[in-house]
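First comes the structure, then the notes that go with it.
Labels below follow one simple rule: chain letters A, B, ... track the order of the sequence lines, proteins then strands, and each chain is numbered from 1.
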2 protein chains.
Amino acid sequence: MPSTGRRGFLKGSLSALGGGTLLAASSGKPVLAKSPPEIKIEDWNTYLGDAVVTNPYGVPSEHEAHVVRRNVEWLTASQESSVSFTPLHELDGFITPNGLCFERHHSGVAHIEPSAHRLMINGLVDNPLIFTMEDLKRFPRVNRFAFLECAANSGMEWRGAQLNGCQFTHGMVHCVQYTGVPLKYLLEEAGVKTNAKWLMPEGADSAGMNRSVPLEKALEDCIVAYKMNGEALRPEQGYPLRLVVPGWEGNMWVKWLRRIEVGDQPWHTREETSKYTDLMEDGSSRRFTWIMDAKSIVTNPSPQAPLLHKGHNMLSGLAWSGRGKIKRVDVTLDGGKNWRTAELSGPVLDKCLTRFYLPFQWQGDPMLIQSRAIDETGYIQPTKKELRQVRGLNSIYHNNGIQTWHVMKNGETENVEIS
Amino acid sequence: MPSTGRRGFLKGSLSALGGGTLLAASSGKPVLAKSPPEIKIEDWNTYLGDAVVTNPYGVPSEHEAHVVRRNVEWLTASQESSVSFTPLHELDGFITPNGLCFERHHSGVAHIEPSAHRLMINGLVDNPLIFTMEDLKRFPRVNRFAFLECAANSGMEWRGAQLNGCQFTHGMVHCVQYTGVPLKYLLEEAGVKTNAKWLMPEGADSAGMNRSVPLEKALEDCIVAYKMNGEALRPEQGYPLRLVVPGWEGNMWVKWLRRIEVGDQPWHTREETSKYTDLMEDGSSRRFTWIMDAKSIVTNPSPQAPLLHKGHNMLSGLAWSGRGKIKRVDVTLDGGKNWRTAELSGPVLDKCLTRFYLPFQWQGDPMLIQSRAIDETGYIQPTKKELRQVRGLNSIYHNNGIQTWHVMKNGETENVEIS
């Protein structure tokens, strides 16, 4: 029998309870409660619904049309070299549905025909090789969940509280299950020469994204992936092939992957020198900052998801670390005076998004909400102030500072910074 | 350094290797291999692709248009009370993308407006309650992966090898991550009376699906779910609310959930008496067969996924059990004379689909392929012969017998039964 300890959990809060709307089931027979007059009477039990395969590939409900990727028009000069953000405030669990995974392209989405696509491995190898998609599927196969975060995620927020919603401040992150061939098997097939130390993956789109990847990382856990959440990659996620580099900067996960060159030194490509580096106060440049540091964000409440009720509420958010598993997430409702440990909703996986929850009571007072992630290495997510002290004020990338939401008396929420 | 032990893994098999198509990279400079004349030269590196948010809710590549749910028109009298099957042969990993999860309805898909939707709990409770969707989201929340299998999955195959493809023989199964409120908290809120023993969930569509669920199962792990793989349920999966009954018959997972009645005896509804029961040889009826027994299927190769190459190939499939985790999957290529243990691709989760792989060499000989699942309780998936010996010949449901595919010399594959 359920304990009665939780009785009255939402006492006085359930929206449909009000004078005279319920009839007691004292007769033992099911009795329909009177509906308050403002509720439209449901009538879908009086007619047939859609036939099967009305949608051979299913689509969301029309009532979920607001759950979409969004861009910020003034953020970029063009719409092809641009970003569209994951609607984090609308999601739950730790999987990102394929159609909502953020986009970040430098020359728009290429639409590659898979039978014409090839992957070349060349450079310091015994046998340069060209693979078709069919070839790749005959190699050993692995499945793993992994978060992908762009190094520029939260980049605008270096300058202060800029964008009003977690979709915009933190939405360049997603998490799916990848299927593909571990890169080490492809390198073994080509035969990597003994003086090889670096790889350069290269994309087939017109921007031709390329980065230098150390050979150790490639051999450790990189995957040449062709599926996400069970089905083929989406075009905007690099269909038919992308590199997966667990825990590391998003642009190393080269989309529309067409070539991997093996070499003995880094190539110092544009996307790891001119871009994706940060200028320090002493004039030096922080580069080859591969690992995405531990980070977290409260998704509910947030500016796009205001509080609707007094009394019992459920705070929700996401945490992740490029160094491994999340160990703990702390939450404060009063700007850091008091911290509580949130519940992690498992499974908690290596280099994946982890969902956290914190039930709380709200009586209508203003709140300053923050979350702080700690990963299994002991790394603690820093405050923005701590981050700026170390990195200076000229950074663009790797902003994993603690985010503050200001909840106002009416439940509306805004992006703020507090000292 | 990668070992050279695997060198020549695909020796002689890589499709692009052939006389004169590769130029050795002896100069150390990257050299493009000559493309065989039949390959269309890729030119997507010469123009801009799609702008971001061309699709605010992303869609699959146009080259994946064949990856869809399918129905079998002659199977049902109408298209509303019907089935559309998951394309298992096209998927990998263990997650089913939301748009490809099979449909099984008795009166088509209801399109419910969530703000008008209510969940009532009544019957043997202290306080009958009505919840809005907002109310439900304020309760404790849980995320869990689970397979959902219709009890009629593989039902046609009781009569022999009927349907030519794993999509049709086994496609009434899917696996997603559900988010929702554990049912026990809602029951606690209503206050279940001490003589209560059963629940009756009921749907809001015109078929009004209802089943009797024992209270113990409800309290153990049932979830009132509103999200799947991170986003709202799809209309054809019961938007905005469905019951999740891990490991148990699919139709207990009532879609468009509008009411849960609490009682002291089962209701013996149509969908657990007239239907969803099996006639035994002695004339008795096998009913309340809640648990979905351990089962497996080889998805590749299969009739819709013929073998394309001699030499090295990757066999792939899925296994699951309503009693817990899959412990082992064995595969035979010669109709049961020899069995090999397949590799389970983790994580292996409780009452979820589990992906398995078996690399094998094929020289063009006919094969009789089967897989056999063993779960953590020690239950072993039976042969169809063993199943018929126990259940007789009049069953419709709970066919978890071992499936045989006959691979022919040209790689085409057909559904067969062997004694």
Within the 3.5 Å criterion, strictly below it, is a donor on R141(A) or Y185(A) matched to an acceptor on the partner's side chain?
no
With a 4.5 angstrom heavy-atom cut-off, which part of R104(A) approaches chain B: side chain, backbone, both or neither?
neither
Taking side chain as everything from C-beta outward and backbone as N, CA, C, O, which of these in P97(B) sits under 4.5 Å from a heavy atom of chain A? Side chain, backbone, both or neither.
both
At a heavy-atom separation under 4.5 Å, does N55(B) approach chain A through its side chain, its backbone, both, or neither?
both
Would you call the rings of F139(A) and F131(A) parallel, tilted or perpendicular, taking 30° and 60° as the class edges?
perpendicular
Atom group of V67(B) that falls short of 4.5 Å from chain A, counting heavy atoms:
backbone
For the backbone of P87(B) and the side chain of R69(B), can you confirm whether one donor and one acceptor N or O come within less than 3.5 Å of each other?
no
Which answer fits P347(B), side chain, backbone, both or neither, if we ask what part of it has an atom under 4.5 Å from a heavy atom of chain A?
side chain
Whether the side chain of N122(B) engages the backbone of M120(B) through a donor-acceptor N/O pair (distance < 3.5 Å, no angle test) should be reported.
no
When you check the side-chain N and O atoms of Q237(B) and Y178(B), is any donor under 3.5 Å from an acceptor?
no
If you tally heavy-atom pairs under 4.5 Å between each of V53(B), L48(B), D92(B) and chain A, the highest tally belongs to D92(B)
Greatest number of non-hydrogen atom pairs under 4.5 angstrom with chain A, of P56(B), A207(B), G108(B), falls to P56(B)
Does the plane of the ring in F94(A) sit parallel, tilted or perpendicular to the ring in F145(A)? Use 30° and 60° as the thresholds.
perpendicular
For Y57(B), is it the side chain, the backbone, both, or neither that has a heavy atom closer than 4.5 Å to a heavy atom of chain A?
both
Could you look at S316(B) and say if it's the side chain, the backbone, both or neither that has a heavy atom under 4.5 Å from chain A?
side chain
Counting heavy-atom pairs closer than 4.5 Å to chain A, which one of M228(B), R144(B), H106(B), E62(B) comes out on top?
E62(B)
Given that the side chain runs from C-beta out, which part of E90(B) has a heavy atom under 4.5 Å from chain A: side chain, backbone, both or neither?
backbone
Would a distance-only check, ignoring hydrogens and angles, find a side-chain to backbone donor-acceptor pair under 3.5 Å from T86(A) to L88(A)?
no
Checking R355(B) against chain A: side chain, backbone, both or neither under 4.5 Å from a heavy atom?
side chain
Hey, what's the ring geometry for H117(B) with W44(A), parallel, tilted or perpendicular (30° and 60° as the breaks)?
tilted
Taking atom CD of E73(A) as the centre, does the number of heavy atoms from other residues, nucleotides or ligands within less than 6.0 Å exceed 12?
no
Parallel, tilted or perpendicular: ring planes of H105(A) versus W256(A), cut at 30 and 60 degrees:
tilted
With a 4.5 Å cut-off on heavy-atom pairs, point out which of N98(B), D205(B), V59(B), T96(B) contacts chain A the most.
V59(B)
Given the options M314(A), E343(A), Q177(A), which has more heavy-atom pairs under 4.5 Å with chain B than any of the others?
Q177(A)
In terms of heavy-atom pairs under 4.5 Å with chain B, the winner among A110(A), S82(A), S81(A) is S82(A)
Does H312(B) offer a backbone N or O that forms a donor-acceptor pair with the side chain of R138(A) under 3.5 Å?
yes
Against chain A, label V176(B) side chain, backbone, both or neither, depending on which of its atoms sit under 4.5 Å from a heavy atom there.
neither
Among S84(B), P235(B), S61(B), which residue forms the greatest number of heavy-atom pairs with chain A at distances under 4.5 Å?
S61(B)
Do the side chain of T54(A) and the main chain of A51(A) share a donor and acceptor less than 3.5 angstrom apart?
yes
Heaviest contributor of heavy-atom pairs below 4.5 Å to chain A, chosen from V142(B), L349(B), T76(B), V83(B), is V83(B)
Honestly, the part of T179(A) sitting under 4.5 Å from a heavy atom of chain B is side chain
